[in-house]
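All remarks here apply to the structure that follows.
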Amino acid sequence: MRAVKFAFVLAGLLAVFRYIPAYYYASEFENFVQNEVQRTRIKGQVRRDILDKAKIYSLRLNDDDINITTTGAVFRVAVDYQVPVDLFVYSHKLKFHTIGAGLSID
């Protein structure tokens, strides 16, 4: 019985240590996207910066995952991406959706 409890605790700790970095990097990436959209007012530059930062955070992001729409002078950036979490026996994909808005100059 003690071995079973130890196995469950070990499995729980493994899951926690695999999920926490994924959520942390997603949170940092979301903050970056929101700040970058407000700071950089050129759509092409925002797209490049987002892709570069995704590489730094090891997020599998491509150009199609970034949706930039313009309404009047306001542009909105929506990023949909998935982060795989490998638990050795089971692989789970976390889905994230990040939104930022800013003023457009081009």
Side-chain angles (χ1 to χ4, degrees):
M1 187 65 163
R2 189 176 230 182
V4 173
K5 287 181 184 178
F6 179 73
F8 277 115
V9 169
L10 189 62
L13 288 174
L14 171 69
V16 166
F17 285 116
R18 291 293 183 154
Y19 278 96
I20 286 177
Y23 281 108
Y24 174 75
Y25 288 134
S27 174
E28 290 293 311
F29 182 69
E30 181 174 4
N31 290 337
F32 170 78
V33 169
Q34 291 171 353
N35 291 331
E36 188 66 19
V37 169
Q38 292 176 2
R39 186 179 67 83
T40 305
R41 298 175 182 229
I42 302 170
K43 290 188 280 187
Q45 182 65 38
V46 169
R47 186 179 300 272
R48 283 191 301 274
D49 291 344
I50 288 172
L51 289 172
D52 290 343
K53 188 59 94 168
K55 288 179 187 175
I56 292 171
Y57 288 130
S58 300
L59 301 175
R60 297 178 185 162
L61 197 66
N62 59 36
D63 211 24
D64 295 334
D65 297 328
I66 303 170
N67 183 16
I68 299 176
T69 56
T70 304
T71 306
V74 177
F75 72 93
R76 178 180 164 167
V77 177
V79 183
D80 293 309
Y81 60 99
Q82 297 180 358
V83 177
V85 177
D86 183 23
L87 298 175
F88 301 117
V89 180
Y90 174 72
S91 183
H92 181 242
K93 289 186 179 180
L94 299 173
K95 296 179 183 179
F96 294 99
H97 180 75
T98 300
I99 299 173
L103 298 175
S104 175
I105 61 170
D106 64 348

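- Side-chain atoms of Asp49 never come within 3.5 Å of backbone atoms of Val46 as a donor-acceptor pair (strictly under, hydrogens ignored).
- Note that OH of Tyr19 is 10.0 Å distant from CG of Leu14, once rounded to the nearest 0.5 Å.
- Across all non-hydrogen atoms, the minimal contact from Val83 to Ala22 is CG1-CB, 3.9 Å.
- Within 6.0 Å of atom CZ in Arg60, 12 or fewer heavy atoms from other residues, nucleotides or ligands are found, so the atom counts as exposed in its surroundings.
- Within a 6.0 Å sphere centred on CZ of Arg47, other residues, nucleotides and ligands contribute more than 12 heavy atoms.
- In terms of heavy atoms, Ala101 sits closest to Gln38 at O-CG, 3.5 Å.
- With Asp52 contributing its side chain and Lys55 its backbone, the two residues share no donor-acceptor pair below 3.5 Å.
- Across all their heavy atoms, His97 and Ala78 have their closest contact at CE1-CB, 4.0 Å.
- The shortest side-chain heavy-atom distance between Phe32 and Thr98 does not fall under the 4.5 Å cut-off.
- No chain of hydrophobic side-chain contacts below 4.5 Å, direct or via other Ile, Leu, Val, Met, Phe, Trp or Tyr residues, connects Leu94 to Val16.
- The two residues Thr70 and Phe75 have their closest heavy-atom pair at OG1-CB, 3.9 Å.
- Exactly one residue among Tyr57, Tyr23, Phe29 makes a ring-ring contact (aromatic ring centres under 6.0 Å, His included) with Phe96. That residue is Tyr23.
- Residues Tyr81 and Tyr24 are members of one and the same hydrophobic cluster, defined by side-chain heavy-atom contacts under 4.5 angstrom among Ile, Leu, Val, Met, Phe, Trp and Tyr.
- Linking ILVMFWY residues whenever their side-chain heavy atoms come closer than 4.5 Å, directly or via other members, places Tyr90 and Val85 in the same cluster.
- Interatomic distance, NZ of Lys53 versus CD of Glu36, reported as 8.5 Å (0.5 Å rounding).
- Tested against Leu51, the residues Asp65, Ile66, Asn62 include a single side chain to side chain contact (heavy atoms under 4.5 Å, CB included) partner, Ile66.
- Residues Lys95 and Asp80 are not in side-chain contact: their nearest non-hydrogen atoms beyond the backbone lie 4.5 Å or more apart.
- Across all non-hydrogen atoms, the minimal contact from Leu61 to Ala54 is CD2-CB, 3.5 Å.
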